[in-house]
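Structure first, commentary second.
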2 protein chains.
Amino acid sequence: MGNVNRGLLAVGSDRSPSRAREDYVKAIYQLGAGGPVRAAALARYLNVSRVSVSKAKRLLEADGLLDREREPSQPLRLSRRGRRLAIAMVRRHRLLETFFHRVLRIPLERVHAEAERIEHVISDDVAMRIATLLGRPQRDPHGHPIPYDDDLRTEKPLPTLAALRAGDRANVISLDDRDDAAVAVLADGGLLPGARIVVQRSDASCVVVRRGKRVVTLRRAHAAMVRIGA
Amino acid sequence: MGNVNRGLLAVGSDRSPSRAREDYVKAIYQLGAGGPVRAAALARYLNVSRVSVSKAKRLLEADGLLDREREPSQPLRLSRRGRRLAIAMVRRHRLLETFFHRVLRIPLERVHAEAERIEHVISDDVAMRIATLLGRPQRDPHGHPIPYDDDLRTEKPLPTLAALRAGDRANVISLDDRDDAAVAVLADGGLLPGARIVVQRSDASCVVVRRGKRVVTLRRAHAAMVRIGA
DNA sequence: GATTCACGTTACCCATGGCTAACGTCAACC
DNA sequence: GGTTGACGTTAGCCATGGGTAACGTGAATC
């Protein structure tokens, strides 16, 4: 039957997913890296009650975005369609961030919030035209890879700067873009993807790193936002 | 008291207006050119029932976007804040269209629909950075002026191509972008802002115009989408 | 073994933004 | 003057997406 609403807002299951449902799908993908996710963890991640997650679960199953579980209380697992939707949103998000940073020169710590709202409403055509404009970039300005196909990512989680000890050397690979304040501090210290660093000290509260001639002191929480490679 | 919702979707009067409310405000502005608008006309324009308009009216008044009317059954009149919001949306819409057309090379008949969704979620900062990128364009690709300040426009409605008679000459000033099919036909015929044309014939069903060596036959409905100047 | 605690669910409430049915008003038209 | 029609409103329905309160389950902890 579908739905009868013909007004200003899309409502019902025969339309494209609402903003809220897209947020659920994306969060499940990012929390679980493609695998199942506990409802309580999802609720904490999205700052929402467990009840809301429980209800969203049923709606997302009805939309075909989650695999149906026969047992109740089973974790949330994206369907093939759900996974494709999540990856498309990550693609749009990262392309937007790259465009905002490279072309519009928006400060790094602000591109995430801007992209977060727009990723739900731009068409795939616009996203791919932006990709072409930018020369099909492989990584966004935080260092995260841009998924151009719908394949499952095997992004193994890299260690963070918080795991290093004095004397360790590393390359900055990427920054967690969810914490604007952290990104501002890190960008200000020049700890951007590609930077080569040496850890000078690491204690319970702070991590001190040297980058070239510059010494930067980070709160541990901020150091944990920096993914590193050899 | 405001509202308690802290979830994924903004709800309540202390947040920025929802997509639906922004659509109402913009429609009131475009229908009334700043003046009052009848509820029934608004309902027809937005493809919504009169009841929905009646309810929206109360909510928009509570938001401070409409002037409160003491008499019931009075037309809808934007408040100063409502007018500012409407103009900001028109500005964002037209800047987005210009960007899509000039930079991303999206066909003219598709830029309206793309901008229509994004105009609700981009920040004014992004809009102004796009304006700078484009060299602060004065008109969008359909020929409509881009309002950079919040002043009331005195756009007197221009005559359309449908009002001309055989032998008349005119300049195309702008196209109505709400009808994608018409825009596609007009762009295909080269009847874009700036084009100089001569009317060859005009009858009940068709208008035939010459542009340079090219002769274009238009359905009357499409000719009515073309605003002209001397 | 008893207790505690996290988890998922249910029952209910609320605001938004659609809808139809029905009504009173007012103006225009026979 | 009566009828017709457009208009705005009210009452009531529905889906979405939030929220609390409360409950049963199961695992961990004492």
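Lettering of chains follows the sequences in order, A, B, ..., and the numbering in each one begins at 1.
If you take CG of A:Asp63 and C1' of D:dG17, they are 13 Å apart, rounded to a whole angstrom. Regarding A:Leu66, its CG atom lies at a distance of 14 Å from the P atom of C:dG8, rounded to whole Å. Taking atom CG of residue B:Leu42 and atom P of nucleotide D:dA6, one finds them 18 Å apart after rounding to whole Å. The CZ atom of A:Arg19 sits 14 Å away from the C1' atom of D:dG18 (whole-angstrom rounding). Protein atom NE2 of B:His120 is 12 Å distant from nucleotide atom P of C:dG17, rounded to whole Å. Taking atom CG of A:Leu46 as the reference point, atom P of D:dG18 lies 9 Å away to the nearest angstrom. Between the CG atom of B:Leu76 and the P atom of D:dG8 there is a distance of 8 Å, rounded to whole Å.
In this structure, B:Arg81 contributes its side chain and B:Gly64 its backbone to no donor-acceptor pair below 3.5 Å. Between the B:Arg105 side chain and the A:Arg129 main chain, no donor and acceptor come within less than 3.5 Å of each other. For B:Thr98 (side chain) and B:Arg94 (main-chain N/O), a donor-acceptor pair under 3.5 Å exists by modelled atom type.
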Can you check each nucleotide of nucleotides 23-29 of chain D against protein heavy atoms at under 4.0 Å and return B for base, S for sugar-phosphate only, - for none, in 5' to 3' order? -------

Passes salt bridge (charged side-chain N to carboxylate O under 4.0 Å, His left out), B:Arg227 versus B:Asp176? Steps please. CA-CA 8 Å; B:Arg227 299 273 163 192; B:Asp176 183 345; over 6 Å; no

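Closest of all the heavy-atom pairs between B:Ala131 and B:Pro137 is O-CD, 3.8 Å. Considering every non-hydrogen atom in both A:Asp67 and A:Leu78, the closest pair reads OD2-O, 3.7 Å.
The stretch residues 52-60 of chain A comes close to DNA chain D through A:Ser52, A:Lys55, A:Leu59, each having a heavy atom under 4.0 Å from the strand.
In terms of phosphate contacts, A:Arg38 brings no side-chain nitrogen or oxygen within less than 4.0 Å of OP1 or OP2 of C:dC7. Side-chain N/O atoms of B:Ser49 include none lying less than 4.0 angstrom from OP1 or OP2 on C:dG18. Close to D:dG18, at under 4.0 Å from its OP1 or OP2, lies a side-chain N or O of A:Tyr24.
The ring pair (Phe, Tyr, Trp, His ring centres under 6.0 Å) test applied to B:Phe99 returns A:Phe99, not counting sequence neighbours. With sequence neighbours excluded, no residue forms a side-chain hydrogen bond (donor to acceptor under 3.5 Å, both in side chains) with A:Lys57.
Note: B:His112 and B:His93 meet the aromatic proximity criterion, with ring centroids under 6.0 Å apart.
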Give me, pair by pair, the N or O atoms of the protein and of nucleotides 25-27 of chain C that are less than 3.5 Å apart, along with how far apart they are.
none

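A salt bridge (Lys or Arg N to Asp or Glu O under 4.0 Å) with B:Glu116 is found for exactly one of B:Lys26, B:Arg19, B:Arg178, namely B:Lys26.
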Side-chain donor-acceptor pairs under 3.5 Å in residues 33-45 of chain B, sequence neighbours left out?
unit_1  : atom_1 : unit_2  : atom_2 : d
B:Tyr45 : OH     : B:Gln30 : OE1    : 3.3

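Under 4.0 Å is where a charged nitrogen must lie from a carboxylate oxygen, and between B:Arg91 and B:Glu119 no such pair does.
When each of D:dA21, C:dT20, D:dG17 is scored by its nearest atom to the side-chain atoms of A:Arg21, the top-ranked nucleotide is D:dG17. Minimum atom distance to the side chain of A:Ala40 is reached by C:dC7, of the listed C:dC7, C:dG18, D:dT20.
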